[in-house]
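One structure below.
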Amino acid sequence: MASHTDIAVLYANKPLDTQVTVKAWVRTFRNDQFLAVSDGTTIRTLQIVLNKEEHDEAKLKKLNTGACISASGILKPSLGKGQDIELIADQLEILGECDPNEFPIQMKRHTLDFLREKAHLRFRTNTFGAVFRLRHHLAFAIHAFFNERGFFYLHAPIITGSDAEGAGEMFKVTNLDLNNVPRTEDGGVDFSQDFFGKPANLTVSGQLEAELAALALSKVYTFGPTFRAENSNTSRHLAEFWMIEPEVAFNDIVANQDLAESFLKYCFNYALKHGREDLEFLQEREINEDKLKPVEDRQSMPLIQRLEFVANNEFERITYTEAIDILLNSNHYKKKKFKFDVKWGIDLQSEHERYLVEKHFQKPVIITGYPAAIKAFYMRMNEPDAQGRETVAAMDILVPGIGEIIGGSQREERYDVLVQKCKQFNIPEDHIWWYLETRKFGTCPHAGFGLGFERLIMYVTGMQNIRDVIPFPRTPLNAEF
RNA sequence: UCCUCAGUAGCUCAGCUGGUUAGAGCACAUGACUGUUAAUCAUGGGGUCCCUGGUUCGAGCCCAGGCUGGGGAGCCA
């Protein structure tokens, strides 16, 4: 027999008139009689009713917000209006006291930036409880989606000797004595004495490794931490984040879009089904927070409706060239409201993407066929268009409020073309000889994409800052916890 | 890295044109009440006004530099 029962289980089963024990943390103690406690198994709190005569007064004094308690008694239908069950406790034990003069979390609205500085305690709040339960559900949804479709979960290395991925600045991994770095004759660092005998870094992407596996196992995906040493200070970037990268042999760019779209819809539906109460809470929270904002900054649709809308509607699919035409023909452009110029060949700026997604289409948009010059070396070259312009089979999925949530492509599988691209992008062949060899030995068309897990969570939870959807955010100058 | 806004009680904030002893709500303490729902009511304690320097008879307020945080941009997922 369990030593105690989860509050989520009590609400699910409602074992009325039976003896139960709960272990949980105090949220409020009202009227010297009503204790609201949470054990984090659900967004809901349990009301514990304490008959004053049965409990030591000194003990009742310790029922401060944040204290940990164990309570036993009979579960009864509640006489009050805020809940349908309550525990009439005859036994109460304080497992861990909580000094109210020092505990920073109160039963009142805190700003998210304040709670960010209390990352070790913010799990105790309703908002972060809901966010991290949903983070769990989404992680589970990702594995379920791929597993149901015959994908194999591939663990790409976190330490990599490859520096050719080109996805951003990398963190160096070394065990050299930094106070006494060995030098080569020309004064550089002598990496031959380092742990791997060569420079090593934390991975910025598992894609290249996933491609190697896909060219044998057909369908694989990675899901793991990824690191970028960029000095990015935005609400959408982390130095350490989790990425999902499926890679599929024999898929072309259209099949890649189909996979990505069904993947996102699956995740949203899974969250709606398994995280409903948390989503309802976050929706209420967002509505209340929106009241403090100017009208133009408020959400046009409540959170759950937004997720249902995306889950039930086709994504818009356009080419880069069409996107440029839409922008050039927009009133926004004609009134010169874009800060950055629009013409074929530019990399789309945030303001352009926002216009397309939030103003023009008002739904997720998949853009394909980007100019070859602004995309990565491994993306498959398309035939030049009527005007002789070179594009690649790339795709970005943009969603309202977040911007780019997925980036992917069909990969260049033709050896000669890929070698040529390496030259153009100044990537030494001997750095990625192993990648090139897959194009020599039984190459095939294949495609894949990368998805930032935290951006997915942002979209599902409605949280506006990426630092609030990962337990311990790593950003420039911040690794306290 | 750039632009921009902010930093006043444990938290959220107000503080006028530079002027006497810096305020409110919540939280906390004490008491009242006892089926409450972030309970309510009364009373009370609580301040390095981010830091350093400057201007001034006088700075929370003005100026310079710095630190920290938010928002936006770039880079991207």
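Here is the naming used below: chain letters follow the sequence lines, and residue numbers restart at 1 for every chain.
Judged by a 6.0 Å distance limit and a 45° cone about the ring axis, A/Lys421 is not positioned over the six-membered ring of A/Phe377. With A/Phe315 as the aromatic partner, A/Arg317 does not meet the cation-pi criteria of under 6.0 angstrom to the ring centre and within 45 degrees of the ring axis.
Straight-line distance between the P atoms of B/rG23 and B/rC16: roughly 14 Å, to the nearest whole Å. Here the separation of B/rG60 from B/rG53, taken at their P atoms, is 15 Å to the nearest Å. To the nearest whole angstrom, the two P atoms, one in B/rU36 and one in B/rC41, are 15 Å apart. Distance check on atom C1': B/rA59 versus B/rG19 gives 10 Å, rounded to whole Å. Annotation: B/rU43 and B/rC5 have their P atoms spaced 42 Å apart (nearest Å).
Residues A/Pro15 and A/Leu75 have side chains in contact (heavy-atom distance under 4.5 Å, counting atoms from C-beta outward).
Among the atoms of the strands shown, base atoms are found under 4.0 Å from some heavy atom of A/Phe241. Residue A/Ser78 is classed as a base contact, given a heavy-atom separation below 4.0 Å to a base. As judged by a 4.0 angstrom heavy-atom cut-off over every strand, A/Arg467 is placed among residues touching the sugar-phosphate backbone only. Within 4.0 Å of A/Thr111, counting heavy atoms only, lie sugar-phosphate atoms of the nucleic acid but no base atom. Across all strands shown, A/Ser232 has heavy atoms under 4.0 Å from base atoms, whether or not it also approaches the sugar-phosphate. Across all strands, A/Lys81 comes closer than 4.0 Å to base atoms (heavy-atom distances). Contact annotation for A/Leu238: base contact, defined as any heavy-atom pair under 4.0 Å involving a base atom.
When rounded to the nearest whole Å, the span between CZ of A/Phe340 and P of B/rA73 equals 9 Å.
Across the strands present, B/rC62 finds its partner in B/rG54; the criterion is a Watson-Crick or G-U wobble pair with both atom distances under 3.5 angstrom.
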Passes side-chain hydrogen bond (donor to acceptor under 3.5 Å, both in side chains), A/Asn233 versus A/Asn231? Steps please.
-> CA-CA 6 Å; A/Asn233 293 287; A/Asn231 190 13; 3.3 Å; yes
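Listed nucleotides B/rC26, B/rG71, B/rG31 differ in distance to A/Asn465; the shortest reach to its side chain belongs to B/rG71.
Here the shortest heavy-atom pairing between A/Arg467 and A/Pro473 reads O-CG, 3.5 Å.
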